[in-house]
Amino acid sequence: MVLAHLLTMRMIGSSFIGKPTYKIAWMKLQREQCFLLLMGHIGELSISDSILNSIGYSATKADSCSKLRTLWFHCNKFGRYARCLRLSNVLCIPEISGLLVTSNLRAMVFRSIKCKSHVDGVCDLLRQNRDTLKSLEFVHCRFSSTSFSQICSCIFLEAEPHGIKSFSIKSSSVADGKKSSLPADFVSFLSSGRSLESIHLSDTSIGSKCAKWILDTLLKSSLNLITLEISDNDIRGWLSKVDRRPGECSSLLGPKLSLKSLSILNLRGCNLCQDDAEDLNYVLIHMPNLTSLDLSDNPLEDEGIRSLIPYFVKAFEKASPISDVYLQNCSLSCKGVTEFLESSQTLREPLNSLSVAENNLSSSVAAPLAIFLGSPGVKALNIEAIGLEPLGFQELEKKMPKDVPLVRINMSKNRGGSDCASFISKLIMQAPDLVVVDAGYNFILPEALMTVHDALNLSTRKLRRLDLTGNIRLSHSVHAFKLLEYHVHGKPIVIIPSGLPSSVPYDDDP
Ligand SMILES: *[C@@H]1O[C@H](CO)[C@@H](O)[C@H](O)[C@H]1NC(C)=O
Ligand SMILES: *[C@@H]1O[C@H](CO)[C@@H](O)[C@H](O)[C@H]1NC(C)=O
Ligand SMILES: *[C@@H]1O[C@H](CO)[C@@H](O)[C@H](O)[C@H]1NC(C)=O
Ligand SMILES: *[C@@H]1O[C@H](CO)[C@@H](O)[C@H](O)[C@H]1NC(C)=O
Ligand SMILES: *[C@@H]1O[C@H](CO)[C@@H](O)[C@H](O)[C@H]1NC(C)=O
């Protein structure tokens, strides 16, 4: 059975035989057509009118039965303007590299590469576009260590460093992932990449040893890396051999090794626990430029976040202070989050963006949160599903400072009821820069919207969206309907639930 096989090519260029509409064009071969490939040559594929239209090439009558509408013709004529290529496994064949021999691709996405012949096809294309390639991504692929080696070695040439800026592997597996290292050619690829800025390894079934090995390799490579993502891989214990002697660089990491330019670190969904958080302390000091840290979906618990506080306290004070922290769904309680919030209060540069969503924090977190709301610089706060309930919203409203710098807030799924609506009204009045409020699934009753209505009427502010979806009682309500009169750029600010029952009902059961 043929799966969804797509060849997508993005063309950029301006001087196509007087057809400027060709400028940004997408060519798509649908799956039926690809089926034909198994029998004939791709180049002979005839491109349908709808595709030709969508790429701004209007086929004339004469074209209709001639070679002029074959893929071969288009690749030959316009291939050199193609910049991005998205390719599925069946199309990774030598003929494709022949068709695209003139291309100067900058971005390539390969999907479902699993067998040797497809790897060969990938390698042909990589070699062909080595000089222009900036972004390389693999999705749903399965590589043996040999094939992964082969791919890396196509890009790595002893004499000249490659120009790839962004390298991603997503929802794929690399055969050696559970071992303690990846093929030597991968090291060569990483260390020869002077221009490498972002590396994403998401859901790639690498284990803790391999993750540590990657980190060590990067630390030794003196790259100018900006973003590192190792997410949705179970790497618990990956840093367990880090040297913890205070004041000294870890011997494992070696002296002076650091990821100096790294600014974004994403370790979402890595099954990291308290011990990992403690170890992380000793590694983060090697990332002096870190500004964004995502540890969401890891069972860190209060102890975990507590052991990171010393790092945060230092990190808030460094030259480029940490500004975005994501601790969504980390099994935290009110205690841990309160300590974290308090540690962030004493600082010179406050946080810009914080998520503590999906932790059971209960209404007692409201008081420290209210103080946090007043810290200058806090622009985005996600407190979705933290169990605030009416009491929490009352407390937030009561203790909220006069001037709140917030730009966006997500307070969905907190069962706040009318107290949630009342808090929203006050926030609208006291947060002049507020742009987006998500307050879905809060059991807000129609009568409670009166205050929101008044607040919206009185305010001359920047609010663009107030999302009240999932508050089922608001559908068909006159009060809710009246809110629709407030517009920004012709679009209503308030989103209310439609009359239809929500397709994703909010499960009130804890
Ligand atoms: C640190 O990050 C900033 C941007 O956040 C960047 O301009 C600067 O060059 C980085 N420093 C180093 C040493 O890479
Ligand atoms: C929350 O994190 C756990 C791991 O700690 C994960 O298994 C779970 O899927 C996450 N929940 C959501 C809604 O993502
Ligand atoms: C949330 O925490 C409270 C105590 O703070 C506890 O009573 C409650 O059972 C917890 N709820 C869930 C769903 O874990
Ligand atoms: C914010 O709230 C909305 C519901 O109002 C939800 O669909 C969305 O996923 C939330 N955003 C984040 C970043 O969690
Ligand atoms: C909005 O406020 C003005 C006073 O500023 C008031 O005259 C008007 O009736 C209000 N409109 C609504 C719809 O409440």
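Counting starts at 1 for both ligands and their atoms, following the listed order. In this chain, residues are counted from 1 in sequence order. In what follows, every heavy atom counts, from backbone to side chain, and hydrogens, waters and symmetry copies are set aside.
Using a cut-off of 4.0 Å between Lys/Arg side-chain N and Asp/Glu carboxylate O, E397 and K426 are scored as not salt-bridged. Ion pairing between a basic and an acidic side chain is recognised when a charged N comes within 4.0 Å of a carboxylate O; E395 and K399 show such pairing.
The protein does not reach atom 7 (O) of ligand 2 closely, with no heavy atom under 4.0 angstrom from it.
Using the six-membered ring where Trp is involved, F340 and F312 have ring planes that are perpendicular, over 60° apart on the 30 and 60° scheme.
For atom 13 (C) of ligand 1, the closest heavy atom belonging to the protein is K260 O, 4.0 Å. The closest protein non-hydrogen atom to atom 14 (O) of ligand 1 is S261 CB, 3.1 Å. If you check which protein heavy atom lies closest to atom 1 (C) of ligand 1, you get N289 ND2, 1.4 Å. At the shortest separation from atom 5 (O) of ligand 1 among protein heavy atoms lies S263 OG, 4.4 Å. Among protein heavy atoms, atom 11 (N) of ligand 2 sits closest to N329 ND2, 2.8 Å.
Surrounding CZ of R142 are at most 12 heavy atoms belonging to other residues, nucleotides or ligands under 6.0 Å away.
A search for salt bridge (charged side-chain N to carboxylate O under 4.0 Å, His left out) contacts involving D232 returns nothing, not counting sequence neighbours.
The heavy atom nearest to atom 4 (C) of ligand 2, out of those in N271, D234, D297, L300, is found in D297.
Atoms of ligand 2 found under 4.0 Å from any heavy atom of E358, numbered from 1 in the order shown, are 13 (C). Atoms of ligand 2 found under 4.0 Å from any heavy atom of P299, numbered from 1 in the order shown, are 5 (O).
A heavy-atom distance below 4.5 Å is not found between the side chains of D324 and T291.
For S149 and D185, the side-chain atoms include at least one donor-acceptor pair closer than 3.5 Å.
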